[in-house]
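What you see is a predicted model; the values in this text were computed from it and never measured.
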Amino acid sequence: MKNINTYLVVAVLTLFLSACNRDEIADVNINPSFPTAVEPIYLLPQIQANMAIGIQFDSRYLGKYTQYFSHATTGDSWDRYGYVAASDASGEIWKMAYYSIGLNLVNVITEAEKARRYDIQGMGKVIKGWTWQVATDYHSNLIKFDQVFTARLTFDYGTQQEAYAEVQRLALEGISDMERTDGNYDVSYTQKGDLIYGGDKTKWIKFAYGLLARNANNLSNKATYSPDKVIAYVDKALASTADDCYVKSAGTSSSDANFYGPLRNNLSLYRQSDFIVRAMDGTLFTGAIDPRMANILVASADGVFRGNPLNTSAGTVTATRIPNLWGGTTQAVTTLPGRYLFRNTADFPLMTYTELQFIKAEAAFKKGDKAMALDAYKKGIEASIDMVNRNTVVSSVAPITSLITTTQKTAFLANTSVVPTAANLTLKHIMMQKYVALFGFGYLETWTDMRKYHYDTTIYEGIVFPTSLFPDNGGKLAYRVRPRYNSEYVWNFAALQSIGADKPDYHTIEMWFSQP
């Protein structure tokens with residue numbers, strides 16, 4: 001009897017399926033409000049937002065390696081060039097590359113190609129190249145590119161040299177895609193999702209050349225380094241501050257506010273470092289007080305600009321206490337307007353004209369063309385001052401009384417301590433003014449420079465390292481950040497062992513890019 005009942009059920013079900021349109025049955029499981037396939041343009045806003053968030057999250061740690069920031073109290077692991085074990089602290093860039101942006105970006109490129117939207121396809125490749133450049137400069141070894149975003153459960157690591165080559169390939173392919181004149185290019189369509197450049201592919205092409213300039217200039221210690229190639233890339237990249245690449249922040253709530261603004265309250269225990277203050281107060285550039293200082297740094301209650309050396313206390317005496325980056329000490333931080341790039345509505349720069357001019361200055365200097373180097377160096381400083389003004393909001397709460405005037409700008413550039421003759425220009429001038437110009441956003445590029453020059457105190461003159469480094473360092477400074485804990489140390493440990501990332505001093509091993 002049981003068998004007869006079974007046969008009857010199967011027979012009825014077969015008749016039911018035969019009578020129905022199979023497509024109608026499939027449609028039952030489709031929710032029109034949540035499509036399974038999304039046009040690539042609508043994936044871009046979240047991708048672009050995560051480009052900024054990845055950098056900002058991890059710059060809380062990276063900013064201490066570069067001595068832009070210090071912790072308000074002693075004993076901080078990052079102040080001592082260490083790390084926090086078994087933690088995802090410093091793992092956001094890894095997460096950005098492989099998860100927050102990762103597969104979404106693959107889908108953008110794939111679907112854009114199908115739709116013959118070659119501008120979006122090219123943009124996707126350039127952003128993908130940017131994620132790998134950021135990830136490898138931060139972590140070094142990356143997952144092999146033929147294994148990433150596959151169904152594998154464990155992954156092998158490739159070399160940093162392979163990562164640099166992949167960035168070049170993606171950037172050049174992206175440029176080629178965006179230069180195509182066929183396909184379905186429509187700026188009014190692309191701008192719906194491109195919240196950075198509003199669908200202007202000419203600016204994305206410039207961004208791609210800027211990425212190539214970074215990639216090539218980072219290899220200045222190699223015998224294959226070509227200053228001419230770097231200069232050519234820069235000349236095709238961002239042409240002025242109008243081309244600067246910003247991720248925008250609305251600042252209406254904690255969900256859309258700048259990660260570094262007081263509303264998000266992510267920097268309450270961070271203080272400007274002693275080194276950045278001395279780079280601007282006339283100490284390192286003898287007698288030249290930088291007009292940018294009053295707009296991007298914060299004075300103590302007695303009006304004196306002070307910085308906190310790494311692994312020291314910011315103090316408690318009211319008059320001399322070093323305020324946080326928003327300008328407060330005891331006031332509830334969410335009520336402060338903040339300043340410069342540390343405001344709720346501040347847009348976050350991913351690449352700027354000023355950075356690229358300093359790259360050109362460095363390359364020209366190494367080439368031996370000091371006239372070209374000086375010209376690019378001056379343009380870098382001028383653009384940085386203009387950028388500070390662009391990001392300054394005059395406020396009486398955290399007093400910034402005015403923008404930098406033309407008179408102040410002219411006087412600063414006329415000071416020979418800052419802008420010498422071409423014959424007297426040095427790498428210290430170039431790299432230290434680049435250091436100042438990138439404060440607040442170019443954390444990774446600054447750290448890349450510092451590692452490229454092996455923390456050279458004749459270039460980064462006056463920099464002081466803690467006498468008590470992190471115990472695992474073995475007396476060495478940091479050169480890389482360990483891969484994200486929950487992604488790799490939990491699930492992919494055997495592969496980590498193959499590159500030595502299981503060792504406690506892995507973060508002190510020199511990068512490939514900085515080696516001869």
Inset, instruction - Scan Y435, Y68, F439 and name whichever one has a ring-ring contact (aromatic ring centres under 6.0 Å, His included) with F275. - result: Y435
Inset, instruction - State which residues pass side-chain contact (heavy atoms from CB on, under 4.5 Å) with I289; sequence neighbours excluded, sorted by chain then number. - result: M293
Legend entry - Pairs meeting criterion salt bridge (Lys or Arg N to Asp or Glu O under 4.0 Å) with involvement of residues 231-251, two or more places apart: K203-D243, K206-D243, D235-K360
Inset, instruction - Before giving the answer on side-chain hydrogen bond (donor to acceptor under 3.5 Å, both in side chains), spell out for D375 and Q357 the whole-Å C-alpha distance, their side-chain angles and the decisive distance to 0.1 Å. - result: CA-CA 9 Å; D375 179 66; Q357 288 305 300; over 6 Å; no
Inset, instruction - Decide whether Q67 and S273 meet the rule of one side-chain donor and one side-chain acceptor closer than 3.5 Å. - result: no
Legend entry - Pair D302-S300, side-chain donor/acceptor within less than 3.5 Å: no
Legend entry - Test side-chain contact (heavy atoms from CB on, under 4.5 Å) applied to T405 - qualifying residues, sequence neighbours left out: T407, Q408
Legend entry - Partners meeting side-chain contact (heavy atoms from CB on, under 4.5 Å) with A299 (sequence neighbours left out): F305
Legend entry - Side chains of N473 and H507, donor plus acceptor under 3.5 Å: yes
Legend entry - Check: Y42/K192 side-chain N/O donor and acceptor closer than 3.5 Å: yes
Inset, instruction - For the pair Y83 and F470, name the ring-plane relationship: parallel under 30°, tilted 30 to 60°, perpendicular over 60°. - result: tilted
Legend entry - K428 charged N/C atom sitting above Y460 aromatic ring, 6.0 Å / 45°: no
Inset, instruction - Using ring-ring contact (aromatic ring centres under 6.0 Å, His included) as the criterion, list what pairs up with Y138, not counting sequence neighbours. - result: none
Inset, instruction - May I have all residue pairs that pass salt bridge (Lys or Arg N to Asp or Glu O under 4.0 Å) and include part of residues 268-279, sequence neighbours excluded? - result: D274-R278
Inset, instruction - Hey, can you tell me if W204 and Y197 have their rings parallel, tilted or perpendicular (30° and 60° cut-offs)? - result: perpendicular
Inset, instruction - Establish, from distance only, whether the side-chain atoms of N221 and Q515 form a donor-acceptor pair under 3.5 Å. - result: no
Inset, instruction - Could you pull out all residues at least two apart from T312 that satisfy side-chain contact (heavy atoms from CB on, under 4.5 Å)? - result: N308, P309
Inset, instruction - Please list, chain by chain and in numerical order, all residues satisfying ring-ring contact (aromatic ring centres under 6.0 Å, His included) with W447, sequence neighbours excluded. - result: Y65
Legend entry - Residues K201, E179: salt bridge by 4.0 Å N-O rule: no
Inset, instruction - Determine whether the side chains of Q46 and N104 contain a donor N or O and an acceptor N or O closer than 3.5 Å. - result: no
Legend entry - Donor-acceptor side-chain pairing of T352 and T354 below 3.5 angstrom: no
Inset, instruction - Please collect all salt bridge (Lys or Arg N to Asp or Glu O under 4.0 Å) contacts where either partner lies in residues 55-70, sequence neighbours excluded, each pair once. - result: K64-D76
Inset, instruction - Go through the side-chain N and O atoms of R321 and T318 and say whether any donor and acceptor fall under 3.5 Å apart. - result: no
Legend entry - salt bridge (charged side-chain N to carboxylate O under 4.0 Å, His left out) assessment of K452 paired with E362: CA-CA 12 Å; K452 186 172 66 178; E362 182 186 2; 2.9 Å; yes
Legend entry - Pairs satisfying salt bridge (Lys or Arg N to Asp or Glu O under 4.0 Å), at least one member in residues 251-260, at least two apart: none
Inset, instruction - Would you please indicate if the ring centroids of F465 and Y455 are separated by under 6.0 Å? - result: yes
Legend entry - Test ring-ring contact (aromatic ring centres under 6.0 Å, His included) applied to Y377 - qualifying residues, sequence neighbours left out: none
Legend entry - Sequence-distant partners of Y164, ring-ring contact (aromatic ring centres under 6.0 Å, His included), two or more places apart: W512
Inset, instruction - Compute the ring centroids of F57 and F259, then answer whether they are less than 6.0 Å apart. - result: yes
